[in-house]
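Working notes for the structure below.
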Amino acid sequence: MTAPLMTRILPAGSAAAAEAARVLAAGGLVAFPTETVYGLGADATNGQAVARLYEAKGRPAFNPLITHVTDLAAAQALARFDADAERLAAGLWPGPLTLVLPKAAACPVAELATAGLDSIAVRMPDHAVARAILTTFGKPVVAPSANRSGHVSPTTAEHVAADLSGRIDLIIDGGATPVGVESTIVACLGEPTLLRPGGMPRAAIERALGKTLVSAPAPPPDEAPLAPGMLASHYAPRTRIRLHADRLEPGEALLAFGASLPEGAAHSKKTLNLSDRGDLIEAAANLFSHLRALDAAGARAIAVMPVPHEGLGEAINDRLARAAADR
Ligand code: TXA
Ligand code: MG
(Lines give C-alpha, C1' and ligand atoms only; values in the text may rest on other atoms or scores of the structure.)
(Ligands and ions follow the chains in the order given, each with its own letter.)
Protein backbone atom coordinates (compact mmCIF):
# COMPACT_ATOMS: atom_id res chain seq x y z
CA MET A 1 0.00 0.00 0.00
CA THR A 2 1.23 3.49 -0.84
CA ALA A 3 1.47 6.21 1.84
CA PRO A 4 -1.89 7.34 3.28
CA LEU A 5 -3.55 10.17 1.39
CA MET A 6 -5.06 13.31 2.88
CA THR A 7 -8.72 12.79 1.99
CA ARG A 8 -10.54 16.10 1.59
CA ILE A 9 -14.32 16.46 1.84
CA LEU A 10 -16.04 19.26 -0.11
CA PRO A 11 -19.72 20.18 -0.12
CA ALA A 12 -21.27 19.69 -3.59
CA GLY A 13 -21.38 22.75 -5.85
CA SER A 14 -19.65 24.17 -8.88
CA ALA A 15 -16.32 24.69 -7.07
CA ALA A 16 -16.42 21.07 -5.91
CA ALA A 17 -17.21 19.84 -9.44
CA ALA A 18 -14.24 21.78 -10.80
CA GLU A 19 -11.95 20.36 -8.11
CA ALA A 20 -13.27 16.83 -8.72
CA ALA A 21 -12.54 17.19 -12.44
CA ARG A 22 -9.03 18.45 -11.69
CA VAL A 23 -8.30 15.50 -9.38
CA LEU A 24 -9.72 13.00 -11.89
CA ALA A 25 -7.60 14.49 -14.69
CA ALA A 26 -4.52 14.09 -12.50
CA GLY A 27 -5.27 10.36 -12.10
CA GLY A 28 -6.77 10.74 -8.61
CA LEU A 29 -9.77 9.13 -6.91
CA VAL A 30 -12.98 11.04 -6.14
CA ALA A 31 -16.06 9.71 -4.34
CA PHE A 32 -19.33 11.35 -5.35
CA PRO A 33 -23.06 10.72 -4.97
CA THR A 34 -25.20 9.18 -7.68
CA GLU A 35 -28.94 8.55 -7.34
CA THR A 36 -28.20 4.94 -6.28
CA VAL A 37 -25.16 4.92 -3.97
CA TYR A 38 -21.89 6.85 -3.67
CA GLY A 39 -19.40 5.86 -6.37
CA LEU A 40 -15.61 5.93 -6.23
CA GLY A 41 -14.60 7.58 -9.50
CA ALA A 42 -11.45 7.41 -11.60
CA ASP A 43 -10.64 8.48 -15.17
CA ALA A 44 -11.85 5.44 -17.15
CA THR A 45 -9.18 5.95 -19.81
CA ASN A 46 -6.26 5.99 -17.33
CA GLY A 47 -5.14 2.44 -16.50
CA GLN A 48 -2.97 3.49 -13.58
CA ALA A 49 -5.81 5.50 -12.02
CA VAL A 50 -8.05 2.44 -12.40
CA ALA A 51 -5.39 0.27 -10.74
CA ARG A 52 -5.22 2.71 -7.82
CA LEU A 53 -8.99 2.47 -7.51
CA TYR A 54 -8.85 -1.33 -7.06
CA GLU A 55 -6.09 -0.85 -4.51
CA ALA A 56 -8.11 1.73 -2.55
CA LYS A 57 -11.13 -0.61 -2.44
CA GLY A 58 -8.92 -3.48 -1.33
CA ARG A 59 -10.56 -5.81 -3.84
CA PRO A 60 -8.82 -9.18 -4.02
CA ALA A 61 -9.88 -9.53 -7.66
CA PHE A 62 -10.34 -7.27 -10.69
CA ASN A 63 -14.09 -7.25 -11.25
CA PRO A 64 -15.15 -5.23 -14.26
CA LEU A 65 -16.37 -1.71 -13.44
CA ILE A 66 -19.28 0.43 -14.62
CA THR A 67 -18.34 3.38 -16.87
CA HIS A 68 -20.42 6.51 -16.24
CA VAL A 69 -21.32 9.07 -18.93
CA THR A 70 -23.70 12.03 -19.26
CA ASP A 71 -25.16 11.55 -22.72
CA LEU A 72 -25.98 8.94 -25.34
CA ALA A 73 -23.29 10.09 -27.78
CA ALA A 74 -20.66 9.50 -25.11
CA ALA A 75 -22.10 6.03 -24.39
CA GLN A 76 -22.07 5.17 -28.10
CA ALA A 77 -18.36 6.00 -28.27
CA LEU A 78 -17.82 3.17 -25.75
CA ALA A 79 -20.30 0.47 -26.72
CA ARG A 80 -22.47 -0.93 -29.51
CA PHE A 81 -26.21 -0.59 -28.96
CA ASP A 82 -28.62 -3.06 -30.54
CA ALA A 83 -32.33 -2.20 -30.89
CA ASP A 84 -33.14 -3.43 -27.37
CA ALA A 85 -30.33 -1.38 -25.84
CA GLU A 86 -31.45 1.68 -27.78
CA ARG A 87 -34.97 1.28 -26.43
CA LEU A 88 -33.72 0.96 -22.85
CA ALA A 89 -31.43 3.97 -23.16
CA ALA A 90 -34.12 6.11 -24.80
CA GLY A 91 -36.78 5.13 -22.26
CA LEU A 92 -34.87 4.83 -18.97
CA TRP A 93 -31.68 6.92 -19.08
CA PRO A 94 -30.64 8.83 -17.12
CA GLY A 95 -31.52 6.50 -14.25
CA PRO A 96 -30.49 3.54 -12.09
CA LEU A 97 -29.98 1.16 -15.03
CA THR A 98 -26.63 -0.19 -16.22
CA LEU A 99 -26.32 -1.79 -19.66
CA VAL A 100 -23.69 -4.43 -20.44
CA LEU A 101 -22.96 -4.11 -24.15
CA PRO A 102 -20.34 -5.17 -26.71
CA LYS A 103 -17.35 -2.87 -26.45
CA ALA A 104 -16.95 -0.47 -29.39
CA ALA A 105 -13.86 -0.99 -31.54
CA ALA A 106 -12.37 2.37 -30.60
CA CYS A 107 -13.49 2.28 -26.95
CA PRO A 108 -10.96 4.38 -25.01
CA VAL A 109 -11.66 2.76 -21.62
CA ALA A 110 -8.63 1.06 -20.03
CA GLU A 111 -8.54 -2.75 -20.42
CA LEU A 112 -8.21 -3.09 -16.65
CA ALA A 113 -11.57 -1.35 -16.10
CA THR A 114 -13.37 -4.00 -18.18
CA ALA A 115 -11.12 -6.77 -16.79
CA GLY A 116 -10.10 -7.59 -20.35
CA LEU A 117 -13.67 -8.51 -21.42
CA ASP A 118 -15.12 -7.69 -24.84
CA SER A 119 -18.19 -6.23 -23.13
CA ILE A 120 -18.55 -3.03 -21.11
CA ALA A 121 -21.03 -1.88 -18.47
CA VAL A 122 -22.30 1.67 -19.13
CA ARG A 123 -24.57 3.86 -17.07
CA MET A 124 -25.94 7.42 -17.26
CA PRO A 125 -26.62 8.52 -13.68
CA ASP A 126 -29.55 10.73 -12.78
CA HIS A 127 -28.06 12.89 -10.03
CA ALA A 128 -27.17 16.57 -10.39
CA VAL A 129 -23.85 16.23 -8.52
CA ALA A 130 -22.69 13.21 -10.52
CA ARG A 131 -23.73 14.87 -13.77
CA ALA A 132 -21.95 18.12 -12.91
CA ILE A 133 -18.71 16.25 -12.21
CA LEU A 134 -18.97 14.16 -15.40
CA THR A 135 -19.79 17.20 -17.53
CA THR A 136 -16.98 19.29 -16.08
CA PHE A 137 -14.48 16.43 -16.47
CA GLY A 138 -15.67 15.70 -20.01
CA LYS A 139 -14.49 12.08 -20.13
CA PRO A 140 -15.96 8.74 -19.01
CA VAL A 141 -15.55 7.87 -15.32
CA VAL A 142 -15.46 4.36 -13.84
CA ALA A 143 -17.08 4.15 -10.44
CA PRO A 144 -17.72 1.09 -8.29
CA SER A 145 -19.59 1.65 -5.06
CA ALA A 146 -17.36 3.71 -2.73
CA ASN A 147 -16.88 1.08 -0.02
CA ARG A 148 -14.05 -1.20 1.03
CA SER A 149 -14.36 -4.62 -0.54
CA GLY A 150 -16.81 -6.78 1.41
CA HIS A 151 -18.56 -3.80 3.06
CA VAL A 152 -22.01 -2.52 2.15
CA SER A 153 -22.48 0.23 -0.42
CA PRO A 154 -22.38 3.77 1.03
CA THR A 155 -25.38 6.09 0.79
CA THR A 156 -23.85 9.09 2.61
CA ALA A 157 -20.50 10.90 2.49
CA GLU A 158 -19.95 9.81 6.13
CA HIS A 159 -20.16 6.15 5.09
CA VAL A 160 -17.57 6.79 2.39
CA ALA A 161 -15.24 8.58 4.81
CA ALA A 162 -15.54 5.77 7.35
CA ASP A 163 -14.43 3.22 4.75
CA LEU A 164 -12.00 5.11 2.53
CA SER A 165 -10.51 8.05 4.44
CA GLY A 166 -6.75 8.07 3.87
CA ARG A 167 -7.13 5.92 0.74
CA ILE A 168 -8.69 8.38 -1.75
CA ASP A 169 -8.14 12.05 -2.66
CA LEU A 170 -11.55 13.66 -2.42
CA ILE A 171 -15.13 13.08 -1.27
CA ILE A 172 -17.91 15.28 -2.64
CA ASP A 173 -20.71 15.49 -0.09
CA GLY A 174 -24.10 15.74 -1.80
CA GLY A 175 -26.19 14.37 1.06
CA ALA A 176 -27.94 11.00 1.21
CA THR A 177 -28.50 9.20 -2.10
CA PRO A 178 -32.21 8.97 -3.00
CA VAL A 179 -32.44 5.38 -4.33
CA GLY A 180 -30.11 3.71 -1.84
CA VAL A 181 -29.46 0.48 -3.75
CA GLU A 182 -27.19 -0.09 -6.74
CA SER A 183 -28.34 0.16 -10.33
CA THR A 184 -30.12 -2.71 -12.05
CA ILE A 185 -27.77 -4.38 -14.55
CA VAL A 186 -29.11 -5.69 -17.87
CA ALA A 187 -26.91 -7.33 -20.51
CA CYS A 188 -27.84 -6.67 -24.15
CA LEU A 189 -25.48 -9.17 -25.78
CA GLY A 190 -28.29 -11.21 -27.30
CA GLU A 191 -31.60 -11.64 -25.50
CA PRO A 192 -31.74 -8.92 -22.80
CA THR A 193 -30.75 -10.56 -19.51
CA LEU A 194 -31.13 -9.33 -15.94
CA LEU A 195 -27.70 -9.66 -14.30
CA ARG A 196 -28.36 -7.77 -11.06
CA PRO A 197 -31.66 -6.53 -9.65
CA GLY A 198 -31.39 -2.95 -8.39
CA GLY A 199 -32.89 0.51 -8.33
CA MET A 200 -34.71 0.22 -11.67
CA PRO A 201 -37.65 -2.18 -11.30
CA ARG A 202 -37.88 -5.15 -13.68
CA ALA A 203 -41.41 -4.10 -14.70
CA ALA A 204 -40.21 -0.68 -15.91
CA ILE A 205 -37.47 -2.35 -17.96
CA GLU A 206 -39.85 -4.87 -19.51
CA ARG A 207 -42.30 -2.07 -20.35
CA ALA A 208 -39.57 -0.10 -22.14
CA LEU A 209 -38.42 -3.24 -23.97
CA GLY A 210 -41.87 -4.51 -24.84
CA LYS A 211 -40.82 -8.04 -23.76
CA THR A 212 -39.71 -10.03 -20.74
CA LEU A 213 -36.14 -10.18 -19.46
CA VAL A 214 -34.21 -13.41 -19.27
CA SER A 215 -33.01 -13.97 -15.67
CA ALA A 216 -29.40 -14.81 -14.93
CA PRO A 217 -28.69 -17.20 -12.05
CA ALA A 218 -28.41 -15.60 -8.60
CA PRO A 219 -25.18 -13.62 -8.23
CA PRO A 220 -22.39 -15.04 -6.12
CA PRO A 221 -21.96 -13.14 -2.83
CA ASP A 222 -18.56 -11.66 -3.65
CA GLU A 223 -19.69 -9.27 -6.41
CA ALA A 224 -18.01 -11.50 -8.99
CA PRO A 225 -19.26 -11.06 -12.54
CA LEU A 226 -22.45 -12.97 -13.00
CA ALA A 227 -24.00 -15.78 -14.92
CA PRO A 228 -21.34 -18.38 -15.53
CA GLY A 229 -22.15 -20.16 -18.76
CA MET A 230 -24.28 -17.28 -20.00
CA LEU A 231 -21.65 -14.57 -20.08
CA ALA A 232 -17.91 -14.88 -20.00
CA SER A 233 -17.09 -13.83 -16.48
CA HIS A 234 -13.42 -13.17 -17.03
CA TYR A 235 -10.87 -12.76 -19.76
CA ALA A 236 -9.48 -16.07 -21.04
CA PRO A 237 -6.59 -16.11 -23.51
CA ARG A 238 -6.50 -18.87 -26.16
CA THR A 239 -2.83 -19.59 -25.55
CA ARG A 240 -1.94 -21.81 -22.59
CA ILE A 241 -0.67 -19.90 -19.55
CA ARG A 242 2.22 -21.31 -17.53
CA LEU A 243 2.54 -19.66 -14.11
CA HIS A 244 5.55 -19.19 -11.79
CA ALA A 245 7.98 -19.56 -14.68
CA ASP A 246 11.62 -19.33 -13.60
CA ARG A 247 12.95 -20.28 -17.04
CA LEU A 248 11.61 -20.00 -20.58
CA GLU A 249 10.93 -23.09 -22.74
CA PRO A 250 11.43 -22.95 -26.53
CA GLY A 251 8.51 -21.39 -28.40
CA GLU A 252 7.08 -19.62 -25.37
CA ALA A 253 6.24 -15.94 -24.97
CA LEU A 254 7.10 -14.22 -21.70
CA LEU A 255 4.99 -12.07 -19.41
CA ALA A 256 7.70 -10.60 -17.24
CA PHE A 257 7.67 -8.76 -13.93
CA GLY A 258 10.64 -6.81 -12.60
CA ALA A 259 14.11 -6.09 -13.90
CA SER A 260 15.75 -9.52 -13.94
CA LEU A 261 14.46 -11.88 -16.64
CA PRO A 262 14.56 -15.68 -16.36
CA GLU A 263 16.91 -18.05 -18.16
CA GLY A 264 15.97 -18.49 -21.82
CA ALA A 265 14.27 -15.08 -22.04
CA ALA A 266 16.50 -14.06 -24.93
CA HIS A 267 14.75 -16.68 -27.13
CA SER A 268 11.22 -15.58 -26.24
CA LYS A 269 8.68 -15.38 -29.10
CA LYS A 270 7.67 -12.06 -27.58
CA THR A 271 8.30 -10.50 -24.18
CA LEU A 272 6.24 -7.87 -22.43
CA ASN A 273 6.98 -6.62 -18.93
CA LEU A 274 4.12 -5.85 -16.52
CA SER A 275 6.46 -3.44 -14.76
CA ASP A 276 10.21 -3.49 -15.17
CA ARG A 277 10.56 -1.50 -11.95
CA GLY A 278 8.40 -4.01 -10.07
CA ASP A 279 5.52 -1.58 -9.45
CA LEU A 280 2.25 -3.44 -8.82
CA ILE A 281 0.02 -0.50 -9.82
CA GLU A 282 1.77 -0.26 -13.18
CA ALA A 283 1.58 -4.05 -13.47
CA ALA A 284 -2.17 -4.09 -12.88
CA ALA A 285 -2.71 -1.37 -15.47
CA ASN A 286 -0.79 -3.45 -18.05
CA LEU A 287 -2.14 -6.91 -17.17
CA PHE A 288 -4.98 -7.45 -19.65
CA SER A 289 -3.50 -5.52 -22.58
CA HIS A 290 -0.21 -7.43 -22.25
CA LEU A 291 -2.02 -10.78 -22.04
CA ARG A 292 -3.95 -9.92 -25.19
CA ALA A 293 -0.82 -8.88 -27.07
CA LEU A 294 1.06 -12.05 -26.04
CA ASP A 295 -1.97 -14.19 -26.90
CA ALA A 296 -1.66 -12.90 -30.47
CA ALA A 297 2.05 -13.79 -30.73
CA GLY A 298 1.52 -17.40 -31.86
CA ALA A 299 3.50 -18.81 -28.93
CA ARG A 300 3.00 -22.38 -27.66
CA ALA A 301 2.46 -20.99 -24.17
CA ILE A 302 2.72 -17.74 -22.26
CA ALA A 303 5.18 -18.15 -19.41
CA VAL A 304 4.40 -15.81 -16.52
CA MET A 305 7.03 -14.77 -14.01
CA PRO A 306 6.03 -14.82 -10.33
CA VAL A 307 4.23 -11.69 -9.13
CA PRO A 308 4.45 -10.89 -5.39
CA HIS A 309 1.23 -11.59 -3.53
CA GLU A 310 1.04 -8.23 -1.75
CA GLY A 311 -1.19 -5.20 -2.46
CA LEU A 312 -2.60 -5.43 -6.00
CA GLY A 313 -0.51 -8.57 -6.51
CA GLU A 314 -3.31 -10.59 -4.94
CA ALA A 315 -5.77 -9.46 -7.63
CA ILE A 316 -3.18 -9.87 -10.40
CA ASN A 317 -2.48 -13.44 -9.25
CA ASP A 318 -6.21 -14.17 -9.01
CA ARG A 319 -6.75 -13.20 -12.66
CA LEU A 320 -3.64 -15.02 -13.85
CA ALA A 321 -4.75 -18.19 -12.03
CA ARG A 322 -8.19 -17.99 -13.68
CA ALA A 323 -6.65 -17.43 -17.10
CA ALA A 324 -4.34 -20.42 -16.52
CA ALA A 325 -7.15 -22.69 -15.30
CA ASP A 326 -9.58 -21.80 -18.02
CA ARG A 327 -8.47 -24.03 -20.86
O1 TXA B 1 -25.48 1.93 -8.81
C2 TXA B 1 -24.42 1.48 -9.23
O3 TXA B 1 -24.35 0.71 -10.19
C4 TXA B 1 -23.13 1.94 -8.52
C5 TXA B 1 -22.97 3.44 -8.76
C6 TXA B 1 -21.72 3.99 -8.15
O7 TXA B 1 -23.03 3.71 -10.15
N8 TXA B 1 -21.99 1.21 -8.97
C9 TXA B 1 -21.81 -0.11 -8.66
O10 TXA B 1 -20.60 -0.64 -9.13
O11 TXA B 1 -22.60 -0.78 -8.04
P12 TXA B 1 -19.95 -2.00 -8.60
O13 TXA B 1 -18.55 -2.05 -9.15
O14 TXA B 1 -20.08 -2.10 -7.13
O15 TXA B 1 -20.77 -3.11 -9.34
C16 TXA B 1 -20.61 -3.30 -10.73
C17 TXA B 1 -21.17 -4.63 -11.17
C18 TXA B 1 -20.31 -5.78 -10.72
O19 TXA B 1 -21.13 -6.81 -10.21
C20 TXA B 1 -19.65 -6.23 -12.02
O21 TXA B 1 -19.32 -7.58 -12.03
C22 TXA B 1 -20.71 -5.89 -13.06
O23 TXA B 1 -21.20 -4.65 -12.60
N24 TXA B 1 -20.15 -5.71 -14.40
C25 TXA B 1 -19.38 -4.71 -14.85
N26 TXA B 1 -18.99 -4.92 -16.13
C27 TXA B 1 -19.54 -6.09 -16.50
C28 TXA B 1 -19.51 -6.87 -17.69
N29 TXA B 1 -18.84 -6.46 -18.77
N30 TXA B 1 -20.21 -8.03 -17.71
C31 TXA B 1 -20.91 -8.45 -16.63
N32 TXA B 1 -20.96 -7.77 -15.46
C33 TXA B 1 -20.29 -6.60 -15.39
MG1 MG C 1 -20.27 -2.67 -5.05
Side-chain angles (χ1 to χ4, degrees), residues 29-42 44 50 53-54 56-59 61-70 78-80 85 93-104 107 109-127 129-131 133-134 140-155 159-160 163-164 172 174 177-190 192-200 216-235 288 319:
L29 303 178
V30 181
F32 59 88
T34 77
E35 77 277 36
T36 57
V37 299
Y38 273 73
L40 178 59
V50 176
L53 191 158
Y54 285 104
K57 281 202 56 131
R59 268 193 184 174
F62 297 126
N63 292 330
L65 303 174
I66 298 172
T67 301
H68 297 67
V69 295
T70 45
L78 309 178
R80 298 202 306 274
W93 274 0
L97 172 68
T98 294
L99 298 178
V100 172
L101 305 169
K103 221 193 253 188
C107 177
V109 171
E111 286 271 353
L112 181 61
T114 54
L117 297 174
D118 294 323
S119 59
I120 182 168
V122 186
R123 157 162 143 72
M124 192 190 294
D126 185 16
H127 190 287
V129 175
R131 294 181 67 80
I133 292 169
L134 290 169
V141 169
V142 282
S145 51
N147 51 280
R148 290 288 290 272
S149 179
H151 294 191
V152 295
S153 294
T155 57
H159 296 164
V160 178
D163 253 25
L164 294 174
I172 306 299
T177 59
V179 176
V181 296
E182 294 91 341
S183 61
T184 303
I185 305 181
V186 172
C188 292
L189 303 169
T193 302
L194 181 66
L195 297 187
R196 176 177 78 180
M200 180 70 74
D222 64 348
E223 294 185 71
L226 310 161
M230 298 184 71
L231 281 174
S233 63
H234 56 268
Y235 171 67
F288 293 105
R319 285 294 143 164

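We count ligands from 1, going down the list as the structure has it; atoms in each ligand are counted the same way.
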For a quick test of reading the model, state the closest non-hydrogen atom pair linking Arg196 to Ile66 and the distance between them. NH2-CD1, 4.1 Å
Atoms in ligand 1 with a heavy atom of [X] nearer than 4.0 Å:
X	answer
Arg59	13 (O), 14 (O)
Ala143	6 (C), 8 (N), 10 (O)
Pro144	10 (O), 12 (P), 13 (O)
Gly39	6 (C)
His68	5 (C), 7 (O)
Ser119	28 (C), 29 (N), 30 (N)
Ser145	8 (N), 9 (C), 10 (O), 12 (P), 14 (O)

With a 4.0 Å cut-off on heavy atoms, is Ile185 touching ligand 1? yes
Taking the non-hydrogen atoms of Lys103, is any one of them nearer than 4.0 angstrom to ligand 1? no
Could you tell me whether any N, O or S atom belonging to Asn147 is less than 2.8 Å from the Mg ion (ligand 2)? no
Among Leu195, Val100, Leu97, which one satisfies side-chain contact (heavy atoms from CB on, under 4.5 Å) with Val186? Leu97
Does the N or O separation between [X] and ligand 1 drop below 3.5 Å for any pair?
X	answer
Glu182	no
Thr36	yes
Thr34	no

salt_bridge(Glu182, Arg123) N-O dist < 4.0 Å: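 Between Arg123 and Glu182 there is no salt bridge, as every charged N stays at least 4.0 Å from the carboxylate O atoms.
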Best match, Arg196, Met200, Glu35: closest heavy atom to atom 15 (O) of ligand 1: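 It is Arg196 whose heavy atom sits nearest to atom 15 (O) of ligand 1.
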Distance-only side-chain donor-acceptor flag, Thr36 / Ser183, under 3.5 Å: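 No, no side-chain donor-acceptor contact under 3.5 Å.
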